[in-house]
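Shown next, in structure tokens, is the structure this report addresses.
In this text, all values refer to a predicted model and were calculated from it rather than measured experimentally. The figures that follow rest on heavy atoms only: side chains count, while hydrogens, waters and symmetry mates do not.
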Amino acid sequence: MQVQKICFAAAIAASLLSSPIAVFAQAGISSDPHQDQRLDQVLVSGSKEATQIEFVPAAAHRVDAETMERDRPNFVGEVANRVPGVYINNLGAEQHMASIRQPISTQGVYLYLEDGVPIRPAGLFNHNQVYEVNLAGIGDIEVIKGPMSSIFGSYATGGLMNFLTKAPSQDLSGSIGLLYGDNGYRRAEVDVSDTFGAHGLRLSGYLFDKNDRNFGHNNSDKQAFTLRHDWAISNKAKLKTTLTQTQLFAEQGGTLSEADFKAGRLDKTPQTFTFRDVDALRLTSSLEAELNPGGLTSLTVFARENTTNQVPTFFQVTATARQQGNSTVPLSNVCTNDPSGAPALSGVPTNALANEAGLRCGRTTDVSFESRGIELRHRQNLGSGGSRVIGGLVYDQGTVDSLEERYTFQYDPNGLYTNKSANIDAYRSYAVDFENQAAYLQAEIALTDTLMAIAGNRYDRVQYNYTRLGQFGAPSAKDGFQANSPKAGLIWNPEAGLTLYSNVGFGYSPPEISGKYGGANIGLLDDTRSRNIEVGGRAEVPGIRGAIDFALYSLRLSDAVYSSESSASYNADSRHRGLELGISSKLSAATLARASFSRSRQTFESEASNFAGPAAGSPGSAVVAGLSGRSLRYAPDTILNLNVAHRFGTQTTLVGEMQYLSSYFIDETNTRTYGGHTLFHTRLVQAHGPWEFSLAVRNIFDRNHAEFASFGFGRSSFNAGEPRTVLIGARYIFGGR
């Protein structure tokens, strides 16, 4: 069956490639490969080694170091959203959710890496995990859309994002900067680098705090640094070691009601004591050596430690009944009548939910994990025609500990959650030993001077050994998952400046540990499989003094994990189809423009099954019945970004940007929508000797908008976006620019 799918993709490519000159001739394809740097880009995420983008058979993009240096993003979405089909919202304090060929969600369908190593291990996805990256130490960001599991394994379903740390400079150089925002944001940043003989060092870091003046209960602070050491052992061997540490504290203001959101009452958060506290540490060391002619061998070892303590913004306080068999069981209080069998809390009336005001119950969520792993990889060139074979072995293992504690709080007539008690008792406690073993092999064969075929596969074996530590929760169990993730593609470069490609790829993600074991009973969630068929191309176009890239894709997910309006997790099949288009143009010697556009359609192709989580056990209920054929919620069909940068002389740069997000459904019945929004931003940079001054205005026209809108437990909720914000910065640069 897989062979048939590969042949089908090849047939699609052949039909597209049969007349490429007719498609692009009117645009005037350049015969000069250096006329636009778009096709001269080098990526490492396609094969874990530096590769010209023209030899990557996928929708691949690079936010280069020049853009990162010019725009100095405080949040990853400020630059990543310029990639066609990518939308990362800003939930404050660098928290976020992403949409890349998927709905805006918290599901594990993206892979985030630092220098090619996953930031988190399989089974421990966190939609917020980019806040564990030190953006001040990042030189380039690579984005590849569609499944990349054939090389990288779990989560690379919608795509991957690889953060490449800055290399040490040859001479002493660096910068010190300060930034101040009228929204209470303050930031200090440092970057210093030098090389001493065979050793290069770079230290990059920043800290910020935000005393938020627009939102209630929304203050935050973060400290982050990256230390990188490069050692040129010989002309054929080098060692790179990076240490990244981040600490983040963020008050969780929660969502606004529909009435407060529409009225612009941004400070009307119901939360008064919720927070998230994160401490993350990663150490990676990679040795590369040319041990034989035409070969490159690398050995990478890595370790991670992570602790996240939080009182989340969600409370199980609105449930009034639960389906049990053929009968309905009333839940007067979710803490006193919990399906896990936990006893009633003393002092909590059984009718606590009967009144609008009164005593309610909630849970803390404390999770910590540590892991370590190793990867051995070898690339071998085959002759002089560009053919090569890449293979690798991966081993990653560790332990995660989770503790939930119950507490009480007051829900007052004004809708505020107040008077949180001290933790009362351990509600649920468990540990999971996890292990991931993998092997991958990829062959890149030059069929002719202009046509290359790529085929590869990765085999993953994931094991969970779950132990219940407390009295309540699911019984102890062992679970194992395994999958093959093949991929095949064709790349055709008929002339300089033109690349066309096709691919078919399969992705894989195991069930999340928290989703599988965090409920009262072991969840029945299956692992997620995906299949993607794609055709695309990249072309330099002298007529616009720039380049065009496009991709057409059809992605199908089997047993993808979604969440219902009552917080139950379930499996369902879905299909995601779309067009992605990027156009870059040098409008003049001083002006660069980039437009990114995507149009998609995302629908369910099955009913819900395999329920798990706090509200599990209710298949066929109104919130999940009749899914097949409906649109997925939180899936905008159109995303558009326009970015223009203009230089005035040699010292001044002005950047303007527009971000458009279309409407999307927020409920499973497709009856409620968020209307979307259009935002405008600008940034002015003025250099004066070693000094650089900046003025940025986000949301210039002060549009009231939602970074995320949702529907659950019978009501709409809105994560309001920042109103107009002005940021003023100064930076001292030494050692040259």
Side-chain angles (χ1 to χ4, degrees), residues 41-62 110-122 138-157 159-165 167 228 230 237-242 282 284-292 294-302 373-382 386-396 436-445 452 454-460 485-489 491 503 505-508:
Q41 290 184 358
V42 175
L43 284 89
V44 299
S45 302
S47 58
K48 295 195 174 185
E49 184 180 350
T51 304
Q52 290 290 120
I53 194 172
E54 60 184 309
F55 299 120
V56 178
H61 301 265
R62 185 184 187 105
Y110 312 112
L111 182 63
Y112 299 106
L113 310 106
E114 184 179 71
D115 288 337
V117 176
I119 293 173
R120 282 172 165 250
I138 299 302
D140 304 84
I141 303 174
E142 295 182 351
V143 180
I144 299 183
K145 293 165 288 184
M148 287 295 292
S149 294
S150 62
I151 288 286
F152 291 97
S154 303
Y155 303 133
T157 297
L160 65 82
M161 192 171 294
N162 191 7
F163 295 87
L164 305 179
T165 56
R228 173 167 163 172
D230 287 9
K238 61 182 180 180
L239 178 69
K240 180 180 73 175
T241 302
T242 59
R282 295 185 303 280
T284 302
S285 189
S286 181
L287 175 65
E288 278 190 0
E290 298 177 20
L291 301 181
N292 66 300
L296 181 67
T297 303
S298 65
L299 178 66
T300 301
V301 294
F302 51 89
I374 187 170
E375 178 176 359
L376 177 64
R377 175 188 177 277
H378 181 75
R379 180 263 296 160
Q380 186 63 50
N381 295 337
L382 304 176
S387 299
R388 62 182 185 175
V389 175
I390 301 165
L393 299 172
V394 181
Y395 180 75
D396 192 359
N436 184 192
Q437 304 167 20
Y440 61 87
L441 181 67
Q442 178 169 296
E444 304 174 2
I445 307 299
M452 176 174 287
I454 294 179
N457 182 52
R458 172 165 163 152
Y459 170 77
D460 276 274
S485 304
K487 185 169 186 174
I491 310 168
N503 72 64
F506 297 80
Y508 161 76

Check: What closest approach, in Å, do A438 and D460 show between heavy atoms, and which atom pair accounts for it?
Finding: CB-OD1, 3.4 Å

Next item on the list: Of all the heavy-atom pairs spanning K487 and A58, show the shortest one and how long it is.
Entry: NZ-CB, 4.2 Å

Next item on the list: With the side chain counted from C-beta on, respond yes when V389 and L382 share a heavy-atom pair under 4.5 Å apart, and no when they do not.
Entry: yes

Check: For K48, what residues pass the side chain to side chain donor-acceptor pair (under 3.5 Å) criterion, not counting sequence neighbours?
Finding: E375

Item checked: Shortest non-hydrogen contact between I491 and V56, atoms and distance -> CD1-N, 3.9 Å

Note to self: Test of understanding: with ring-ring contact (aromatic ring centres under 6.0 Å, His included), list the residues that count as partners of Y155, not counting sequence neighbours.
What the structure shows: F125

Checklist line | Closest heavy-atom pair and its distance - G294, R379 | finding: O-NH1, 3.1 Å

Check: T51 side chain to E49 main-chain N or O, any donor-acceptor pair under 3.5 Å?
Finding: yes

Notebook entry, point to check: About how many Å separate CZ of R62 and CG of D140, when rounded to the nearest 0.5 Å?
Noted result: 4.0 Å

Notebook entry, point to check: Does a donor on one side chain sit under 3.5 Å from an acceptor on the other, for R228 and T165?
Noted result: yes

Next item on the list: State, to 0.1 Å, how close L164 and D115 come at their nearest heavy-atom pair, and which atoms those are.
Entry: CA-OD1, 3.3 Å

Margin query: Could you tell me if the side chain of S387 sits less than 4.5 Å from the side chain of N381, heavy atoms only?
Written below: no

Margin query: Rounded to the nearest 0.5 Å, what separates atom OG1 in T297 from atom CG in L376?
Written below: 7.5 Å

Checklist line | CD-CZ distance between E444 and F55, expressed to the nearest 0.5 angstrom | finding: 9.5 Å

Check: Distance from S154 atom OG to R458 atom CZ, nearest 0.5 Å?
Finding: 7.0 Å

Next item on the list: Check whether any side-chain heavy atom of F152 lies under 4.5 Å from a side-chain heavy atom of L113, and answer yes or no.
Entry: yes

Notebook entry, point to check: Does N436 reach the main-chain N or O of A122 with its side chain, forming a donor-acceptor pair under 3.5 Å?
Noted result: no

Checklist line | Nearest non-hydrogen partners of Y395 and F302, listed with the distance | finding: O-CZ, 4.3 Å

Next item on the list: For the residue pair Q442 and I454, establish whether any side-chain heavy-atom pair is separated by less than 4.5 Å.
Entry: yes

Next item on the list: Give a yes or no answer on whether the side chain of N162 reaches the backbone of S45 with a donor-acceptor pair at less than 3.5 Å.
Entry: no

Item checked: Full working for side-chain contact (heavy atoms from CB on, under 4.5 Å) between L239 and S285 -> CA-CA 7 Å; L239 178 69; S285 189; 3.5 Å; yes

Checklist line | Passing candidate, side chain to side chain contact (heavy atoms under 4.5 Å, CB included) with H378, options L291, L393, N292 | finding: N292

Notebook entry, point to check: M161 versus E142: any side-chain heavy-atom pair under 4.5 Å?
Noted result: no

Margin query: Between R388 and S47, is there a side-chain donor-acceptor contact under 3.5 Å, judged purely by atom types and distance?
Written below: yes

Check: Taking it one step at a time, do Y440 and R377 satisfy side-chain contact (heavy atoms from CB on, under 4.5 Å)?
Finding: CA-CA 9 Å; Y440 61 87; R377 175 188 177 277; 3.5 Å; yes

Check: Among all residues two or more places apart in sequence or in another chain, which pass the side-chain contact (heavy atoms from CB on, under 4.5 Å) test with S485?
Finding: S149, Y508

Notebook entry, point to check: Say you draw a straight line from CD1 of I53 to CG of L43; how long is it, rounded to the nearest 0.5 Å?
Noted result: 5.0 Å

Note to self: If the threshold is 4.0 Å, N to carboxylate O, is there a salt bridge linking K240 and E288?
What the structure shows: no

Item checked: Close side-chain approach of S150 and N457, heavy atoms under 4.5 Å -> no

Item checked: Spacing of OG belonging to S298 relative to NZ belonging to K238, to within rounding of 0.5 Å -> 10.5 Å

